[in-house]
Protein chains: 2
Amino acid sequence: MAHVTGDGTVGKALEVLDQVAAFGRPVRFSELLAQSPFPKPTLYRFVQTLTNQRMLAYDPDRQTYTPGLRLVRLAHAAWEQSTLAPIARPHIEALSSQVGETVHLAQLDHAHVLYVDKVNAAQPVEMYSQAGKIGPAYCTGVGKTMLAFIASDRVEECIAQQSFHIFTPHTLTGPEALREELRDIRTRGYGFDREEHEPGIICVAMPILSESGRVHGAISVTSTTERNDLAGLEAQVPLLRETATSISRDIHNWSFPDHDKKQATGG
Amino acid sequence: MAHVTGDGTVGKALEVLDQVAAFGRPVRFSELLAQSPFPKPTLYRFVQTLTNQRMLAYDPDRQTYTPGLRLVRLAHAAWEQSTLAPIARPHIEALSSQVGETVHLAQLDHAHVLYVDKVNAAQPVEMYSQAGKIGPAYCTGVGKTMLAFIASDRVEECIAQQSFHIFTPHTLTGPEALREELRDIRTRGYGFDREEHEPGIICVAMPILSESGRVHGAISVTSTTERNDLAGLEAQVPLLRETATSISRDIHNWSFPDHDKKQATGG
DNA sequence: AAAACAGTTTCATTATTTGAAACATGGTTT
DNA sequence: AAACCATGTTTCAAATAATGAAACTGTTTT
């Protein structure tokens, strides 16, 4: 019930891959086994197969597994082809240098925030986000802003997937608080993070919308309570909106090019 | 031997994933089918499964597939746990700012060069490399340098996998030229790229060796013929060697820590 | 020496994958 | 409007691959 795995053998193998990645450190076979739904020989063969395929890397000295290099290779292709990063890069770099703060570019993956690019301020601040990293949607500026603009029939299933873990005194505490916040964001047109994920970290976030109103992602300007406040960030909204619009326009031009030339598939 | 596929259903599915990634652009089902060894329904199901699993992304408007966002998520874990990048970062940043040139950090993936990190010079130069990108081993500084120091029984199988495509007038033209070059690099202790991959781009590369002499990767200082030459790069060898040694030491300390404290995974 | 443990292999059973063929869908031509 | 065609989707019996209890190996602990 809980596990929507399905997808036969391939789905199960990928579940194992996720499990290894989730450990966040080199992991032994027995550690995997201890929390795996699969019996020993089954898990063993999955791990063997994934290692053969370089989706996992095995360290013979320490007898541990980590996610493999083939993933880095594949992800580079994903990042180039399936994210807004290559298109948005010049725009968010310009934005960051104009406002002098860190800028994030994020997209929704499942119901969570995937940071696909990040341009640091001249004086960078230590914070959770990092390109490639996943974060919660219900307590981040980009996350809430994207949720506010997705198709209404998908909102509830996304809300259901939020953990509503309390990170700070300002973290929204449940579905109802989030629904109200999303209404606010929809009417206002952009969202804030009021130290909801990390103490001292605040941001304004703007959705990247297609002409038809579909959300492609969001960008945010992030700062700290030490050197800025919400009013100061809100002052950047015109620039933020301009940037989001430019990115949106470029996406559209990229998706429907003149297509006068067709690339041959030749070997 | 030739086909390393094997690995049953999972191996085949990953083969499809590679194929999509290799296209480098959104691809239609029929395009995949045209160059797939699998019959139509089989390929169809693989693509469905991979899309379900978010290893592929489907664009319903254009009816095309691209590598999926789950890969970016997984690769972030791979990059953090299975590459030298997190350990080497501070060292290569220091090196880059000291020499004022672009610095690469690379590892071998299969028999090819995987760029796992890159620090740009103050005045960056357009070039092929990019973190996450794969490149040829036989015609890059880092590639040749790593090949020069891998276990001798693995060298030939790696050489056999090189394409020996001629990129520039300086590209090594075949296995024998490469073997000789590797001998030179072994005796000298470091390698050069003499415009072998891209015209005007040159570099010096230093291996990152463990105490037992195993290659973990390589770093390089890259420049252009416009603003430097090989002698100028060679002058940076002491700094390069120092950096490589520092990284190597950190790898060792990281691999065999006192292990007194265990890091919690908490958010 | 015995017991405990982590990792690996075996093999009959079971479930999944396979692919030829048929079907659906949308667009184009006659 | 009928015939055609290219793409994408479904069916179903046969072929294949995955499964897991149990047994085995090699290493460490008692």
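If you're wondering where the values come from, they're calculated on a predicted model, not measured in any experiment.
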Correct closest heavy-atom pair for B:L17 and B:L50 would be N-CD1, 4.2 Å
So where does chain A start and stop touching DNA chain D, 5' to 3', when the test is distance under 4.0 Å to a non-hydrogen atom? D:dA18 to D:dA22
Would you say that more than 12 heavy atoms from the other residues, nucleotides or ligands in this model lie under 6.0 Å from the CD of A:E211, or not?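 Incorrect, the count does not exceed 12.
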Verify the neighbour count for atom CZ of B:R154: are there more than 12 heavy atoms of other residues, nucleotides or ligands below 6.0 Å?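 Open.
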Under a 3.5 Å cutoff, is there a donor and acceptor pairing between the side chains of A:D117 and A:H104?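 On atom types as modelled, these side chains do not qualify, holding no pair under 3.5 Å.
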Is A:D18 paired with B:R70 through a side-chain N to carboxylate O contact shorter than 4.0 Å?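 Salt bridge flag = yes for A:D18 with B:R70.
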Charged N to carboxylate O under 4.0 angstrom, B:E80 versus A:R25? no
Could I get the full list of side-chain hydrogen bond (donor to acceptor under 3.5 Å, both in side chains) partners for B:E157, not counting sequence neighbours? none
When you look at A:Y138 and A:F164, which way does the ring-ring contact (aromatic ring centres under 6.0 Å, His included) test go after all the steps? CA-CA 7 Å; A:Y138 68 96; A:F164 290 108; 5.0 Å; yes
5' to 3', nucleotides 6-16 of chain C under a 4.0 Å protein heavy-atom cut-off (B base, S sugar-phosphate only, - none) gives SBBB------S
B:T42 side chain near C:dT18 phosphate (N/O to OP1/OP2, under 4.0 Å): no
